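For ligands, and for the atoms within them, numbers begin at 1 and follow the listed sequence. Every value quoted in this text rests on a predicted model; they were computed, and no experiment measured them. Values reported hereafter were calculated over all heavy atoms of this structure, with side chains retained and with hydrogens, waters and symmetry mates removed.
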Amino acid sequence: MLNFSVGPVQMDESILSIGAEQVPYFRTSEFSAIMQENERLILSFCNASSDCRCVFLTGSGTASMEAALSNLLSKEDKVLVVDGGSFGHRFVQLCQIFEIPYETISLEPGCPLTAEKLEPYADGGYTAFLVNLNETSTGVLYDLDLISEFCAEHGIFLLVDAISAFLAESIDFEKHKIGAMLIGSQKALAVPPGLSIIVLSEEAQDRVARATPRSLYFNLAMALKDGERGQTPFTPAVGVLIQLNARLRQIDSIGVEAETARIAAQAQDFRKKIANLPLTVFTKSLGNTVTPLEVSGSSSAKDVFSILKGEYGIWVCPNGGSLAEKVFRVGHIGNLTFSDNDALVSAMEDLVKKGILR
Ligand SMILES: *Cc1c(COP(=O)(O)O)cnc(C)c1O
């Protein structure tokens with residue numbers, strides 16, 4: 001199968017082969033050294049200062065969303081959530097579960113957050129701002145400069161879900177004055193699912209110190225404490241952390257900018273090649289991670305997904321909910337090449353010949 005989904009994504013051979021090895025015992029100085037290097041490299045890739053910390057949680061990306069809300073926010077906060085798709089909505093659900101006071105900026109699917117839309121919230125007395133930098137469900141990349149200026153101006157703690165944006169976009173923790181940022185293992189990091197990382201500013205660490213999360217597994221104070229010696233409170237996804245280490249070293253050897261440029265070029269190449277297909281890019285606020293495509297007329301996006309999967313051995317990403325028949329998505333993260341794009345485009349040209357894409 002050729003995988004253009006947005007996660008899990010294609011891994012390269014060197015990372016795959018580590019997955020075939022025995023998983024070592026981990027309460028050792030050798031494993032601690034791997035963990036400390038993982039933390040150092042993640043912090044350097046997002047230009048976080050040496051006062052920042054990372055915690056490594058075993059769970060998919062949603063685990064870090066949940067841990068962030070339960071450890072960084074409380075009933076004393078007043079949170080502003082950008083709700084422009086299914087991941088924005090997940091933050092709303094979590095605010096409800098943890099009874100964190102919130103308001104939403106609701107955006108139509110595919111719509112950007114503009115200065116005009118943000119303006120009415122300027123004097124709302126918000127203490128925290130929650131955004132999925134890339135709302136992966138519709139492919140919208142929000143304007144981090146705009147958001148971080150707004151938060152800095154109003155003294156708002158900024159929590160960025162960068163799960164699908166990390167490595168695909170350049171993110172500067174210091175410049176964007178990010179309070180905390182979430183990363184997942186199976187997106188552009190291109191290791192197996194099962195790990196989720198939270199980057200914590202000093203302010204975020206203060207919030208953790210004050211928090212009383214009603215959770216043992218997602219107690220970030222414990223994770224931070226054990227992390228000082230390169231350990232975790234509970235058995236982590238040891239094998240994935242070792243794969244992560246190899247992958248981070250690989251990125252470090254070419255430089256994080258080069259990795260981001262590679263993903264951007266992969267996206268550009270694809271977008272250029274689909275110009276003559278009967279498909280419309282669903283949003284104008286595109287990032288590098290994914291291209292959301294709207295089918296025309298009576299064509300079915302769901303059929304495109306199933307036929308590419310069943311007859312061509314290609315995975316693209318279907319959409320859910322109201323967009324299920326209209327939109328599918330093509331990812332540009334993971335170990336993909338321009339010739340992989342050619343294979344997908346020629347399969348889609350075939351669908352046009354067969355009248356499936358009209
Ligand atoms: C993938 C993703 C998540 C996490 O989803 P999981 O299935 O829990 O890994 C969260 N936010 C965004 C923006 C994502 O793309």
Seminar exercise, completed: atom 7 (O) of ligand 1: closest protein heavy atom, distance to 0.1 Å, is Ser60 OG, 4.0 Å
Exercise. Roughly how far apart are Cys111 SG and Tyr142 OH, rounded to 0.5 Å?
Worked result: 9.0 Å
Exercise. Mind checking whether His332 and Phe270 have ring centres under 6.0 Å apart?
Worked result: yes
For this session: Mark up the atoms of ligand 1 that fall under 4.0 Å of a heavy atom belonging to Arg90, in ascending order.
Result: 5 (O), 8 (O)
For this session: Look at atom NZ of Lys302 and say whether more than 12 heavy atoms of other residues, nucleotides or ligands are closer to it than 6.0 Å.
Result: no
Seminar exercise, completed: Candidates Asp161, Val160, Leu133, Leu195; heavy atom nearest atom 11 (N) of ligand 1 found on Asp161
Exercise. Out of curiosity, does Leu2 fall in the hydrophobic cluster containing Val6 (side-chain heavy atoms, cut-off under 4.5 Å, transitive links)?
Worked result: no
Problem set entry | Protein contact of atom 3 (C) of ligand 1 - nearest heavy atom, named by residue and atom, plus distance | Phe87 CE2, 3.4 Å
Problem set entry | Numbered atoms and elements of ligand 1 in range of Ser164, under 4.0 angstrom, heavy atoms | 13 (C), 15 (O)
For this session: Working to the nearest 0.5 Å, report the span between OG of Ser148 and NZ of Lys175.
Result: 7.5 Å
For this session: Take every heavy atom of Gln186, measure it against each atom of ligand 1, and state whether any distance is under 4.0 Å.
Result: yes
Exercise. Near Gly61, which atoms of ligand 1 are under 4.0 Å from a heavy atom of that residue?
Worked result: 4 (C), 6 (P), 8 (O), 9 (O)
Exercise. Centroid-to-centroid, Phe157 to Phe129, below 6.0 Å?
Worked result: no
Exercise. Hey, mind stepping through Glu76 and Arg210 against salt bridge (Lys or Arg N to Asp or Glu O under 4.0 Å) and telling me if it holds?
Worked result: CA-CA 12 Å; Glu76 316 299 310; Arg210 291 197 305 269; over 6 Å; no
Problem set entry | Residue Thr136 vicinity, atoms of ligand 1 by number, heavy atom under 4.0 Å | 12 (C), 13 (C), 14 (C), 15 (O)
Problem set entry | Face-on cation placement of Lys187 at Phe87 ring, 6.0 Å and 45° thresholds | yes
For this session: Give yes if a backbone or side-chain nitrogen or oxygen of Met65 is under 3.5 Å from a nitrogen or oxygen of ligand 1, and no if not.
Result: no
Problem set entry | N/O separation below 3.5 Å, Thr62 to ligand 1 | yes
For this session: Report yes if some N/O of Lys187 lies less than 3.5 Å from some N/O of ligand 1; otherwise report no.
Result: yes
Problem set entry | Which segment of Asn134 sits under 4.0 Å of ligand 1 when only heavy atoms are counted | backbone
